[in-house]
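What follows is a short report on a single structure.
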Amino acid sequence: GSASNYNVSYADAPTGLTINPLNVSVTGITASGKTYDGITSASASYNGFDNAISGDNISLSNLIASFDSKNAGPRTVTLTGATFGGADAANYNFSLGTPTATATIAERPLTIQVNNQTQTYGFGGSSAALGTSGYSLNSGTLVSGESISGVTLATDATLSGAGKYAAQATPWRLYGT
């Protein structure tokens, strides 16, 4: 058939053309490590969006991220919220996707200094004889609400004669919230 055999007319679509927003999710989430501070808040960043149209102006701000635990060690960081914006944001359905990264909470450095001790020959070098309070925090700081307790003092001077011997702090516990 030939087009000349038809009288073609055109009618508009009843509802017109609907363009749905494009689904995008965040890619390249990274998290920064930190020194133990007793809280789970984290710093995170991202490097882009999957499926976004090149050249469109879309962005994230106000990223909310947290470690899975406040304790030192390798941790999972989860991005739990963000503000999606930019001049072209209305053209997209935004999702955080798989919003996790890993980062490490480093141990907070503390130095416990054993205070000088004076004992009488024959005391036996026992922890009980040295007590548990002959120490001080020499360097570093504790996180607010935490305290040191249960420091055991020991020496290698067991049944030794008069003289000077090393005294050291051994297992201790940190208490807090």
Side-chain angles (χ1 to χ4, degrees), residues 23-52 58-86 89 92-119 123-160 164-177:
N23 294 326
V24 296
S25 58
V26 178
T27 61
I29 295 174
T30 58
S32 301
K34 67 177 186 176
T35 299
Y36 173 75
D37 61 4
I39 58 176
T40 60
S41 66
S43 281
S45 61
Y46 72 102
N47 70 6
F49 302 93
D50 70 348
N51 211 26
I58 57 175
S59 63
L60 281 182
S61 60
N62 304 317
L63 275 68
I64 301 168
S66 60
F67 285 95
D68 61 350
S69 169
K70 68 178 184 174
N71 297 319
R75 299 280 168 229
T76 298
V77 174
T78 302
L79 188 61
T80 58
T83 302
F84 182 62
Y92 293 92
N93 285 324
F94 168 72
S95 164
L96 288 175
T98 306
T100 60
T102 56
T104 298
I105 298 177
E107 294 174 338
R108 188 177 197 89
L110 295 175
T111 302
I112 295 175
Q113 175 71 50
V114 176
N115 297 338
N116 291 329
Q117 299 281 321
T118 302
Q119 297 291 338
F123 81 100
S126 72
S127 298
L130 292 174
T132 59
S133 62
Y135 67 91
S136 60
L137 187 57
N138 188 336
S139 68
T141 57
L142 293 169
V143 170
S144 179
E146 295 184 342
S147 62
I148 296 173
S149 177
V151 173
T152 301
L153 305 178
T155 182
D156 59 1
T158 305
L159 298 178
S160 296
K164 292 188 179 198
Y165 298 91
Q168 64 271 348
T170 57
W172 56 281
R173 291 185 299 267
L174 181 66
Y175 290 98
T177 55

Does Ile105 form a side chain to side chain contact (heavy atoms under 4.5 Å, CB included) with Asn71? I'd like the steps, not just the answer. CA-CA 7 Å; Ile105 298 177; Asn71 297 319; over 6 Å; no
Euclidean distance, Ser41 OG relative to Ile64 CD1, rounded to 0.5 Å: 11.5 Å
Is there a donor-acceptor contact under 3.5 Å from the side chain of Thr27 to the main chain of Gly48? yes
Considering non-hydrogen atoms only, spot the tightest contact between Leu79 and Ala44 and give its length. CD1-CB, 4.4 Å
Value rounded to 0.5 Å, distance of CZ in Phe67 from OG1 in Thr102: 9.5 Å
Less than 4.5 Å apart, any side-chain heavy atom of Lys70 and any of Thr40? yes
Exercise: identify the closest heavy-atom pair between Ala82 and Leu60: CB-CD2, 3.7 Å
Against Asn23, only a single residue in Asn51, Asp50, Asn93 fulfils side chain to side chain donor-acceptor pair (under 3.5 Å); can you say which? Asn93
In this structure, OG of Ser95 is separated from CZ of Phe84 (nearest 0.5 Å) by 10.5 Å
Please find the pair of heavy atoms, one from Ser59 and one from Gly86, that lie closest to each other, and give the distance. OG-N, 4.2 Å
Considering all heavy atoms of both residues, which atom of Thr100 and which atom of Thr78 are nearest to each other, and what is their separation? CG2-OG1, 3.7 Å
Closest heavy-atom pair, Gly81 versus Leu96, reported as atoms and distance to 0.1 Å, is N-CD1, 4.0 Å
Heavy-atom closest pair (Pro99 atom, Ile29 atom, distance to 0.1 Å) is CA-CD1, 3.4 Å
So which pairs with a foot in residues 30-48 pass salt bridge (Lys or Arg N to Asp or Glu O under 4.0 Å), sequence neighbours left out? Lys34-Asp37
